Amino acid sequence: MKRRWFIQYSAFGSLGLLAGLGQKELATTYTSQQNSTELSLLEDQLNHWQSFSFSSIQLNRHGKEIERPLYQAKSKVFDLGHDVFLEMVAIPSGRFRMGAAKGEKFSAAAEGPQHSVQLSPFLMGKYPVTQAQWHAVAQLPKINRDLALQPSHFQGAQHPVESVSFLEAVEFCDRLSALTGHAYRLPSEAEWEYASRGGTTTPFAFGQTVTSDVANYVSQYAYAAEATATYPQSTTPVGQFLPNAYGIYEMHGNVWEWCADHWHDHYVGAPTDSKPWVKGGNAAWRSLRGGSWSDYPSRLRSASRSGYPAASFNRTIGFRVCASLT
């Protein structure tokens, strides 16, 4: 198999199965937005999942902790074989404003116009796909294309897999679906941003800025007034930092994440639901979210986005899986 390698980081700008929202918050969201039948079906599913607690964090513009809220969540683990497991996060339905708010620092034209999006409930990977998970699934029978067993530049079983193209990430999802009987896929950009924000409207899920204590990025540079720090100049193992309010880890930094949408350089005419935008735009390129270990903090914002050739790969790009809940 011939793989195409891109190492030009400038494409990203300057130089970055189941835990859910707290039961009470989730029920409140559904009560206001879903009919009683859908709510009953969702609650029936949640009753079979394991509960656990986790804390997140909110930072002011100086990078100082102002709050560390505690959340109750539900989790379910899927066995991939070879002592490798996959966790997913239940994301409730809801409406949010997608894109950068007016006046958001370092926002770009590609992040607007800001628009309202209504999302159905879905599942999101708790972590970016790891190299151990990739290796387990890459050994499964081929669906459409070959997969290298160890494609990553930075090696480590619990490090996120990187150096995989959009097409290879889709093949991973197809093989995972065949193994589990569940339909896995890449998230749409709307699903990704909604999950990344975790109910916030600030530039980051953690508040007004990020620090090296909450994300892996080029922390030698500041977004607001936070202290700077050295950084590892490589990926780091997943789960090393605190999750956001939805119980999802590392939506900011570590690796960029593939989304299903064609690359569009604006939101004019974008869908107002959770479906991927696969009409128009550049079909040969797909959208990326989250920023990476090699990016300035501004690229880690929840609204920040970029695009990349679907057949190419880069040591800053990974992905996480997604699935519909209903």
Side-chain angles (χ1 to χ4, degrees), residues 13-14 16 19-22 25 52-73 89 91-92 94 96-101 103-107 111 114 124-128 160 187 189 191-232 235-257 288-305 318 320:
S14 58
L21 185 64
E25 294 180 55
F52 72 99
S53 298
F54 63 94
S55 60
S56 188
I57 194 171
Q58 285 292 298
L59 305 173
N60 62 20
R61 65 183 307 272
H62 297 282
K64 302 300 183 182
E65 179 180 335
I66 57 175
E67 187 180 10
R68 190 175 290 248
L70 182 67
Y71 297 92
Q72 184 74 21
V89 175
I91 308 298
F96 85 116
R97 296 286 291 172
M98 183 175 180
E104 183 169 300
K105 188 177 181 182
F106 295 122
S107 60
E111 300 164 17
Q114 195 177 47
M124 177 73 85
K126 188 176 185 180
Y127 309 104
E189 276 202 82
E191 288 173 326
W192 193 97
E193 184 174 329
Y194 180 73
S196 173
R197 289 188 178 280
T200 66
T201 58
T202 48
F204 306 90
F206 302 121
Q208 297 299 326
T209 193
V210 286
T211 69
S212 60
D213 291 328
V214 300
N216 177 17
Y217 64 101
V218 183
S219 50
Q220 289 172 316
Y221 296 87
Y223 176 78
E226 74 278 9
T228 58
T230 57
Y231 73 107
T235 59
T236 49
V238 303
Q240 182 168 305
F241 304 102
L242 288 171
N244 68 13
Y246 282 171
I248 307 175
Y249 289 73
E250 290 152 25
M251 298 293 274
H252 300 305
N254 215 1
V255 289
W256 286 92
E257 299 181 8
L288 293 169
R289 291 302 198 110
S292 78
W293 58 270
S294 183
D295 284 282
Y296 295 155
S298 61
R299 302 298 280 152
L300 274 63
R301 292 174 300 108
S302 292
S304 179
R305 54 195 297 267
R320 73 179 72 215

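Not measured: the values here are computed from a predicted model. Residue indices begin at 1 and follow the sequence shown.
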N/O donor-acceptor pair under 3.5 Å between [X] side chain and [Y] backbone:
X	Y	answer
Lys64	Leu59	no
Tyr127	Pro237	no
Tyr223	Arg61	no
Glu250	Gln240	yes
Gln114	Met98	no
Arg289	Ser302	yes
Asn216	Gly253	no

Just do the salt bridge (charged side-chain N to carboxylate O under 4.0 Å, His left out) check on Arg301 and Glu104 with the steps written out, would you?
-> CA-CA 10 Å; Arg301 292 174 300 108; Glu104 183 169 300; 2.7 Å; yes
Nearest 0.5 Å, what's the [atom1]-[atom2] distance between [X] and [Y]?
X	Y	atom1	atom2	value
Thr202	Arg197	OG1	CZ	7.5 Å
Ser304	Glu111	OG	CD	5.0 Å
Trp293	Tyr231	CH2	OH	6.5 Å
Ile57	Ile66	CD1	CD1	9.5 Å
Tyr246	Ile91	OH	CD1	6.5 Å
Ser53	Tyr71	OG	OH	12.5 Å

Is a salt bridge present between Glu257 and Arg320, judged by a nitrogen-to-oxygen distance below 4.0 Å?
-> yes
Flag the pair Glu189 and Arg305 as a salt bridge only when some basic side-chain nitrogen lies within less than 4.0 angstrom of an acidic carboxylate oxygen.
->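 So Glu189 pairs with Arg305 through a salt bridge.
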Should His252 and Ser196 be marked as a side-chain contact (heavy atoms from CB on, under 4.5 Å) after you check the CA-CA gap, both sets of side-chain angles, and the distance that decides it?
-> CA-CA 8 Å; His252 300 305; Ser196 173; 3.7 Å; yes
Minimal non-hydrogen separation, [X] against [Y], with atom names:
X	Y	answer
Phe54	Pro243	CD1-CG, 3.6 Å
Gly247	Val89	O-CG2, 3.7 Å
Ala245	Gly198	CB-O, 3.6 Å
Pro160	Pro128	CB-CB, 4.0 Å
Ile248	Ala195	CD1-CB, 3.7 Å

Compare all side-chain heavy atoms of [X] with those of [Y] and state whether any distance is below 4.5 angstrom.
X	Y	answer
Trp256	Arg299	yes
Pro187	Met124	yes
Phe204	Leu300	yes
Tyr221	Pro297	yes
Thr228	Ser219	no
Pro203	Gln208	yes

Worked verdict on Asn254 versus Thr236 for side-chain contact (heavy atoms from CB on, under 4.5 Å) | CA-CA 7 Å; Asn254 215 1; Thr236 49; 3.5 Å; yes
Measure from NZ or CZ of Lys126 to the centre of the six-membered ring of Tyr249, then state whether that distance is under 6.0 Å and the direction lies within 45° of the axis.
->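 No, Lys126 and Tyr249 do not form such a contact.
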Does the pair Asp213 and Phe241 meet the rule for a side-chain contact (heavy atoms from CB on, under 4.5 Å), with working shown?
-> CA-CA 7 Å; Asp213 291 328; Phe241 304 102; 5.9 Å; no
Verify the distance criterion only: is there a donor paired with an acceptor across the side chains of Glu226 and Thr211 at less than 3.5 Å?
-> no
